[in-house]
Amino acid sequence: MSNSEPCLVVDGLSAAWGSQPVLRSVALAIAEREYFVLLGPNGSGKTTLLRCIAGLERPVAGRIVLDGVDVSGLPPHRRRIGLMFQEPALFPHRTVFENIAYAPLLQRRPRSEIDEEVGRLIALLRLEGFEDRSPGALSGGERQRVALARTIAARPRLILLDEPFASIDVELKAELRAEFRRVLTALGIAAIHVTHDREEGLFLGDRVGLLFDGVLDPVGPPGEIFEHPRGPRAARFLGYNVLRHDGQLVAVHPREVRLESEPRGHSLATIHAIGTIGGESAAILATEEGERIEARGPGVSAGLATGSRVYVVWERSVDLGDGSDPTLTPRV
Ligand code: ADP
């Protein structure tokens, strides 16, 4: 992140569907060139936030400031914001080249400049050879690359990406993520990327913000967000076990759990399911108090079976306070 004036400021933004609040006083600043990831479960308000920033939804309170200018009253096409969805909205009867050239033509830029820019984007997104194809003759990943090129060609100030890889095959996803990140970083375009996929979010973001029920947690670099979950809900969403220990709630990552047969662990638990995932040992357990525990990796020793009773030990935990809301503790 640079220290320059933020590219985007979202100030006290609240939104509702009818009487149902969806965003609650969201505050966020996106720096010049920043790749920001908004991470949260389905229904937490991520799309609504993007739609408010783009001008497609009217918030009930708050402001959207782009480059120091309040754009809250401006229609979407005057905000210089590019929006990309899970399913790319390409023109089916135009070629790849024509799809990418669409916005520059509308902007009445000189033909030679348009040809040069579209050619540059085709090279940047590795679409050479596809120029004359129609979108129907492309794979899902290629269509998303065309959609990104088309969004960039409009020269937006900021790009909003709403679950852009949700319908992409898993083998291609990692490659496409890295590619999008590379292209937007190379061009220095700020982006807000929305996803419910924690791995995707933690991999991509310069900074990450977790959104639950329309409330944005304090944002930070992905390592910090992962290492220091701020509450039971964030911890569970990030893949931690949330357990009660000595009257406190603690977050314990499944890879920090070790299963012991000797009584020197934190609590006794029964193995409900055990097996391997991608060559790694994994087990689901339930404690006598009914807490569900997941364990993964070398701490799950060979020779254990469903129904075995073991002691649970952990190397590292994050304190989550006294957990005054007991419903937040997952039970089997
Ligand atoms: P996310 O993108 O995190 O999945 P959304 O912003 O799509 O969340 O939705 C947030 C909440 O707003 C959900 O409870 C959803 O049911 C509600 N919502 C979204 N779109 C509409 C709509 N068109 N009409 C009524 N409620 C909606």
Side-chain angles (χ1 to χ4, degrees), residues 8-30 34-64 71-72 75-76 79 81-89 140 144 147-148 151 156 158-168 170 173 176-177 180 184 190-220 222 225-226 229-240 325 327-328:
L8 170 79
V9 175
V10 174
D11 182 17
L13 193 88
S14 294
W17 287 106
S19 60
Q20 180 65 36
V22 174
L23 295 174
R24 301 160 203 259
S25 206
V26 170
L28 178 66
I30 305 295
E34 183 175 20
Y35 202 103
F36 183 83
V37 172
L38 186 64
L39 189 58
N42 286 326
S44 56
K46 304 182 299 297
T47 297
T48 305
L49 178 56
L50 288 195
R51 289 177 63 83
C52 287
I53 294 171
L56 298 168
E57 237 39 90
R58 185 168 276 278
V60 291
R63 294 185 316 147
I64 308 288
V71 298
S72 310
R79 295 192 181 193
I81 293 177
L83 195 50
M84 247 194 84
F85 299 100
Q86 176 177 342
E87 298 299 336
Q144 281 302 45
L148 181 63
T151 307
L158 170 74
I159 291 186
L160 309 178
L161 304 135
D162 194 356
E163 303 269 7
F165 310 128
S167 38
I168 301 292
V170 77
K173 229 180 238 192
L176 212 54
R177 281 173 190 156
F180 269 45
L184 290 171
I192 303 181
H193 179 124
V194 153
T195 180
H196 67 278
D197 179 332
R198 64 170 184 252
E199 278 187 20
E200 177 166 310
L202 296 171
F203 171 75
L204 280 174
D206 287 327
R207 285 186 311 154
V208 172
L210 292 180
L211 188 73
F212 295 107
D213 285 341
V215 178
L216 184 67
D217 270 8
V219 304
I225 296 293
F226 180 73
R230 287 175 185 269
R233 197 160 48 170
R236 278 199 281 149
F237 183 77
L238 292 167
Y240 288 82
D325 182 354
T327 61
L328 292 171

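Whatever order the structure lists them in is the order used to number ligands and atoms, beginning at 1.
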Pairwise distance CZ(F85) to CG(L160) - rounded to 0.5 angstrom: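 It is 9.0 Å, given to the nearest 0.5 Å.
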Reported NZ-to-CG distance for the pair K46 and L210, which is rounded to 0.5 angstrom: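 Between K46 NZ and L210 CG, I get 10.5 Å after rounding to 0.5 Å.
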S14: side-chain hydrogen bond (donor to acceptor under 3.5 Å, both in side chains) partners, not counting sequence neighbours: none
Ligand 1: protein residues within heavy-atom distance under 4.0 Å: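 Shell around ligand 1 (4.0 Å, heavy atoms): W17, V22, P41, N42, G43, S44, G45, K46, T47, T48.
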Check: R79 side chain, V71 main-chain N or O, donor-acceptor pair, under 3.5 Å: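 Indeed, once roles are kept as given, a pair shorter than 3.5 Å links the two residues.
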Under 3.5 Å donor-acceptor, Y240 side chain and P232 backbone: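 The answer is no, because no donor-acceptor pair under 3.5 Å joins these two groups.
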D217 with R233: basic N within carboxylate O range, under 4.0 Å: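 No salt bridge links D217 with R233.
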